[in-house]
Chemist: 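Below is a structure I'd like to ask you about.
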2 protein chains.
Amino acid sequence: MTRSTNRSTSFDVAALAGVSQSAVSRAFTPGSSIAEETRKKVYEAARKLNYVPNSIASSLTTKRTNIVALIVGNMANPFYAHVLHAFSKKLQEQGRQVLIFTVDPGADSDEAILHVLKYQVDGVILTAAQLSTRMTSMCHDRGIPIVLFNRYIPGSDASGVRCDNAAGGRLIAEAFLAAGAQSFAMITGDPKGTTSKDRVRGFVERLQEAGIRRSDIVEVEGQSSYEGAFNAAMGLFRDKNRSRPDALFGINDIMAMGAIDALRYRLGLRVPEDLMVAGFDDIPEGRRAPYQLTTVRQPINQMIEATLSILHLDDPSHGIERGIDRPISGRLIWRNTIPVPPEYR
Amino acid sequence: MTRSTNRSTSFDVAALAGVSQSAVSRAFTPGSSIAEETRKKVYEAARKLNYVPNSIASSLTTKRTNIVALIVGNMANPFYAHVLHAFSKKLQEQGRQVLIFTVDPGADSDEAILHVLKYQVDGVILTAAQLSTRMTSMCHDRGIPIVLFNRYIPGSDASGVRCDNAAGGRLIAEAFLAAGAQSFAMITGDPKGTTSKDRVRGFVERLQEAGIRRSDIVEVEGQSSYEGAFNAAMGLFRDKNRSRPDALFGINDIMAMGAIDALRYRLGLRVPEDLMVAGFDDIPEGRRAPYQLTTVRQPINQMIEATLSILHLDDPSHGIERGIDRPISGRLIWRNTIPVPPEYR
DNA sequence: GTGAACAATGCATGCGTATTCATCATGTGC
DNA sequence: GCACATGATGAATACGCATGCATTGTTCAC
């Protein structure tokens, strides 16, 4: 049996309801001029025929697809899985569809953008992925707004929303200092993105303001994943001659978790007794019993709000907002990987 | 500045290249009859105009969108995040787009399906979500194939691919028995799906074959999440009078992990010394140092292959395969939450 | 009671592309 | 050199819906 296509069209419905095709279209278009009675007749006929309006066809005339593209660059980090979930929920509530693209960490998103353009999406949200200026202008030229989530590209036309990562880095530094740490290590991630670099910058700046020498701050780069940080931590502490730092900043929660497990299960160290650790993001996984991770919470909901407001999906005639960089402050969440100093109790 | 739409069409390209619109269309359609020279001219013109074919428009005539819908019912379980990622990668490689819908756990997917139908997707993959027979026939009527992933609905027209959950449950039972367990507990999940029930059935069946009495098998239902299992475990062991089982089967890995953390961090029990635990799925998170979870591996890649093969995306004229239930065997992965008996070493 | 404003409706057209059909040029085998 | 197959091309049309425009019927104010 062949895959027969029984899709009825607005003409079929119109015929059955005894109205014109225009009436059918209007019946399904909120706010258009149609009598309640007519609408009922149309709905009745539509129900009988299992009619569902063809959004593809309507997009052709309205030039709006109600599709938003979400490009995710690091699905292995649960933070981005949560972000994806949150965006998806939010956009669904608004009656929009989400076209998803996954991109390998570190890879650029040009190919994904190209597909996105073909599908005439109403907007693009880009998360943890690289973006070339060529693609930015390709999008902007055709009136497709694009917002970087948790990332910005200095000097670029693309707008971005992010946590104030530098300020967050400072919060971590302060927490360590308050807990009495004197020598420090960082496990950093993707060097291409601004996220990791900003966190490092704020962290180091604040430490130096407190009189810590740069030589007392060790930095190791790991792949931006649990395993990457696990291995980086092993490398960091394998050298027995080097004196061990008091405090370790994992540049995000999943990496902090990887580092903690390496410390505890491979190196026999206690956290926080032997070494305090902090992360960044506040993913739900970090709250669990084995970790109880002290971290900076990214205000995801605010960031999503901001992203959508810059996209102006409701108002296509609004110009594209270019070059915006909107940092939003996160706050420190005390848990158990840094001993809580009396003044923070 | 208003959001100007500079999108050039195949006519613009045709004019610049000095050919007809048909030629442009053919230039971008693999396998169509066009001279290499003409194609080059077209590409050249297209490049100059930043032309990108409008897939929406082309879908209107071809009746194919190259979009596949993925409906995910439980994003909180990392297993499904991994599944989503794997499908997305695979479909992208094939040049298809993924439209994603997230549905609350336990909720039915009717609304999502309705949206999917509007967008004329080429196929639907449904994961951890309910599906009404009405929606199944809505899809089938219009020639849209639909496959349930890791779920089946007995007597339904919808096809499904899944792990052989009952057989997997038996494997777990055998592992516990081989390790010498004599009394058992299960923390089960969503009672609406077949997945949890099948695992339980296989597990119990095998135990009873080994002479275990039903009264020595306790069953607690938890919400299908880390937290749900954490709480269920607390409830299970709070009753001090009840004798403690030797072995606990968490119906999937994330729940097993929640249970383990409750046991270790709240109840002061050691795993596996005081109590052995097994999960199901083999998510990467379960391999990590704190858990080292013994589990049954779901053959995700095979399952994805099977799903796509049933969908017949490459051959739209192929009839829809109805009512298929394709179980694929998983295998037991020994790690450290069950003491490995000598015969399995 | 009259003209104007307005709501409801249908007709016709356009959105950007794929595809059918007819035409023409070119090459093939004999 | 001829009949024929083959490949390349353009004109025209269809895909399913939204919308501008014209028309009709209705209500309202005066």
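By convention in this document, chain letters (A, B, ...) are assigned in the order of the sequence lines, proteins followed by strands, and residues within each chain are numbered from 1. Computed from heavy atoms alone, side chains included, the values below leave out hydrogens, waters and symmetry copies.
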Chemist: Would you please test B:Tyr51 and B:Phe11 for ring pair (Phe, Tyr, Trp, His ring centres under 6.0 Å) and show each step?
Modeler: CA-CA 10 Å; B:Tyr51 169 75; B:Phe11 280 96; over 10 Å; no
Chemist: Looking at every heavy atom in both A:Ser317 and A:Asp315, which two are closest together, and how far apart are they?
Modeler: OG-OD1, 2.7 Å
Chemist: For DNA chain C, which residues in residues 31-46 of chain A have a heavy atom at a distance below 4.0 Å?
Modeler: A:Ser33, A:Ile34, A:Ala35, A:Thr38
Chemist: Would B:Arg47 and B:Glu44 pass as an ion pair if we require N to O under 4.0 Å?
Modeler: yes
Chemist: Reading nucleotides 12-19 of chain C 5' to 3', which nucleotides get B (base under 4.0 Å from a protein heavy atom), which S (sugar-phosphate only), which -?
Modeler: B-BBBBBB
Chemist: What's the shortest heavy-atom distance between A:Pro145 and A:Ile320, and which atoms?
Modeler: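 Where A:Pro145 meets A:Ile320 most closely, the heavy atoms are N-CD1, 3.9 Å.
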Chemist: Just wondering, are more than 12 heavy atoms of other shown residues or ligands nearer than 6.0 Å to CD in B:Glu111?
Modeler: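 No, CD of B:Glu111 has 12 or fewer neighbouring heavy atoms, counting only those of other groups under 6.0 Å.
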Chemist: If you compare all heavy atoms of B:Ile34 against all heavy atoms of B:Ala23, which two are closest, and at what distance to 0.1 Å?
Modeler: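 Shortest heavy-atom separation between B:Ile34 and B:Ala23 comes out as CD1-O, 3.4 Å.
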Chemist: Can you measure B:Lys118 atom NZ to D:dC17 atom P for me and round it to whole angstrom units?
Modeler: 12 Å
Chemist: Answer yes if the side chains of A:Glu305 and A:Ser309 hold a donor-acceptor pair under 3.5 Å, and no otherwise.
Modeler: no
Chemist: One pair to check against salt bridge (Lys or Arg N to Asp or Glu O under 4.0 Å): A:Arg96 and A:Asp314. What are the steps and the verdict?
Modeler: CA-CA 11 Å; A:Arg96 299 183 214 280; A:Asp314 294 318; 2.6 Å; yes
